[in-house]
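Below, each value reflects all heavy atoms present in this structure, side chains not excepted, and no hydrogens, waters or symmetry copies. Below, chains carry the letters A, B, ... as their sequence lines are ordered, and counting in each starts from 1. Here the structure is a predicted model, which is why all the values come from computation and not from measurement.
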Number of protein chains: 2
Amino acid sequence: MAIPRAAKTQRRTRIQEAKEEQILEAALDVFSVSGFRGSTIDQIAEVAGMSKPNLLYYFRTKEAMHRALIDRVLFTWLEPLRAFDAAGNPESEIRSYIRRKLEMARDFPRESRLFANEVLQGAPHIEDELKGPLKALVDEKADVIRTWAKEGKIVKCDPYHLIFSIWSTTQHYADFDVQVRAVLGQDNSGEGRFEDAARFLEQLFIDGLRVAQP
Amino acid sequence: MAIPRAAKTQRRTRIQEAKEEQILEAALDVFSVSGFRGSTIDQIAEVAGMSKPNLLYYFRTKEAMHRALIDRVLFTWLEPLRAFDAAGNPESEIRSYIRRKLEMARDFPRESRLFANEVLQGAPHIEDELKGPLKALVDEKADVIRTWAKEGKIVKCDPYHLIFSIWSTTQHYADFDVQVRAVLGQDNSGEGRFEDAARFLEQLFIDGLRVAQP
DNA sequence: TGTAATGTTTACCAACCGGTCAAATTATCT
DNA sequence: AGATAATTTGACCGGTTGGTAAACATTACA
């Protein structure tokens, strides 16, 4: 008799690792489009190219799949904010934060939509992460920004709303991709739109915050 | 024998009007949280306080409910952008556009989330509206902005990305409300956050666009 | 008041949903 | 090779889903 997910063996098989990877990849495809409630295990199974019971052999429930996916993606997702450095100078830090966030919107749109779906639907599965680790990280970086403002390096402004505005403007290009493409039309909806967006946003934030130019 | 939705009578009964209103109100509650696929007719029926077959007497399918809801809300939703006036001066136009959008995020968060859910999931039901009326409206307003830039009233910038950034920053407070509250903490997540956001965003956009002060 | 149209509900259906089970298949190790 | 553990699948289950049929109740109107 098989015991799911190698509760005995401690070490994970190559097969286990590969299959779990394969499942989470498919789950990301599906969850990021339809949200938790709107997705079905069958859909994920089909995308993953394996049978439903086989999926459930590696993840006991649909919720476990979602949980594993969120956990895996959350850390990576906050990487750019974590890299936000108090020691650096405001201009380059803000510039590179915007760039990094835009790159993530371009390269990992599914991850962005996964969170967007989750938060939009009331964040029933990640409330703790938001109120705990996320809030702590933002609090820390907000302090950095506040210090810059006090030192006259940037204009005085609410650091939380500054962070929100960078989040929203950059993630917009992943989450509302269809709308962006529709509005820009066929001609302008190539990959170049990310460069255009970067230029616009850097200008907006650097000038808007009256970042002191060295 | 009853014929659904008065295909014969042409004129809608008071009851019809009232019930359809009641249903769409409930549907907005449910769809805005769970998206189309994640919502069930039973949920809507319960919120509306009527039986499922009764709902289906007024709207033949779940899709018809969603369609009617989108159609009704779309017009209102674009009102602020429509009000954006070429004749006005850039500063007050941009200021009031931001204010209006923020007010909508505050007063009609369900409507915002309804669209967010829809677009996030690939806009399967409103693709035509995005590529048609929405694009046309944005094209028109983009021209206004471009003219302002040419006249030196604001800095030269991509008008489309400017509009996107106003959309995303303002709607963020409706769509990602849970996250905003979580990060701001209990103390700062009262209604005052909209005032704070307005102050920040006006400052950001007015300074960031180097709007000529008269 | 009678009656036809409109509105509402109960009972129901077939398809789908998340998840289980046991049997079959495959990989691993000696 | 043979034994054992890990993996995979088809068949299935109870509950839910979108939607229907038909009987019942209410309203509008002559």
Taking [atom1] from [X] and [atom2] from [N], how many angstroms apart are they, rounded to a whole number?
{"X": "A:Met50", "N": "D:dT9", "atom1": "CE", "atom2": "P", "answer": "7 Å"}
{"X": "A:Asn54", "N": "C:dT26", "atom1": "CG", "atom2": "P", "answer": "13 Å"}
{"X": "B:Tyr58", "N": "C:dT6", "atom1": "OH", "atom2": "P", "answer": "11 Å"}
{"X": "B:Glu17", "N": "C:dG7", "atom1": "CD", "atom2": "C1'", "answer": "16 Å"}
{"X": "B:Phe59", "N": "C:dT8", "atom1": "CZ", "atom2": "C1'", "answer": "16 Å"}
{"X": "A:Leu55", "N": "C:dC17", "atom1": "CG", "atom2": "P", "answer": "14 Å"}
{"X": "A:Tyr57", "N": "D:dA5", "atom1": "OH", "atom2": "P", "answer": "13 Å"}

Problem - Parallel, tilted or perpendicular: ring planes of A:Phe164 versus B:His172, cut at 30 and 60 degrees - result: tilted
Practice task
Indicate the ring-plane relationship of A:His66 and A:Phe36, choosing parallel, tilted or perpendicular according to the 30° and 60° boundaries.
Solution key: perpendicular
Practice task
Verify whether one side chain among A:Tyr160 and A:Asp139 offers a donor that lies under 3.5 Å from an acceptor in the other.
Solution key: yes
Handout entry: Salt bridge present between A:Lys52 and A:Asp42 (N-O < 4.0 angstrom)
Key = yes
Problem - Footprint string (nucleotides 13-20 of chain D, 5' to 3'): B base within contact, S backbone only, - free, heavy atoms under 4.0 Å - result: ----SBBB
Pick out the pairs of N or O atoms, protein on one side and nucleotides 24-26 of chain D on the other, that lie under 3.5 Å.
none

If you compare every side-chain N and O of [X] against the phosphate oxygens of [N] (OP1, OP2), does one of them come in below 4.0 Å?
{"X": "A:Ser51", "N": "D:dT8", "answer": "no"}
{"X": "B:Gln16", "N": "C:dG7", "answer": "yes"}
{"X": "B:Lys19", "N": "C:dT8", "answer": "yes"}

Taking every non-hydrogen atom, the tightest pair across [X] and [Y]:
{"X": "B:Leu55", "Y": "B:Ala48", "answer": "CD1-CB, 4.4 Å"}
{"X": "A:Arg146", "Y": "A:Pro159", "answer": "NH1-CG, 3.9 Å"}
{"X": "A:Pro80", "Y": "A:Met104", "answer": "CG-SD, 3.3 Å"}

Problem - Main-chain N/O of A:Met65 paired to A:Arg60 side chain as donor or acceptor, under 3.5 Å - result: no
Problem - A:Glu103 atom CD, neighbour heavy-atom count above 12 within 6.0 Å - result: yes
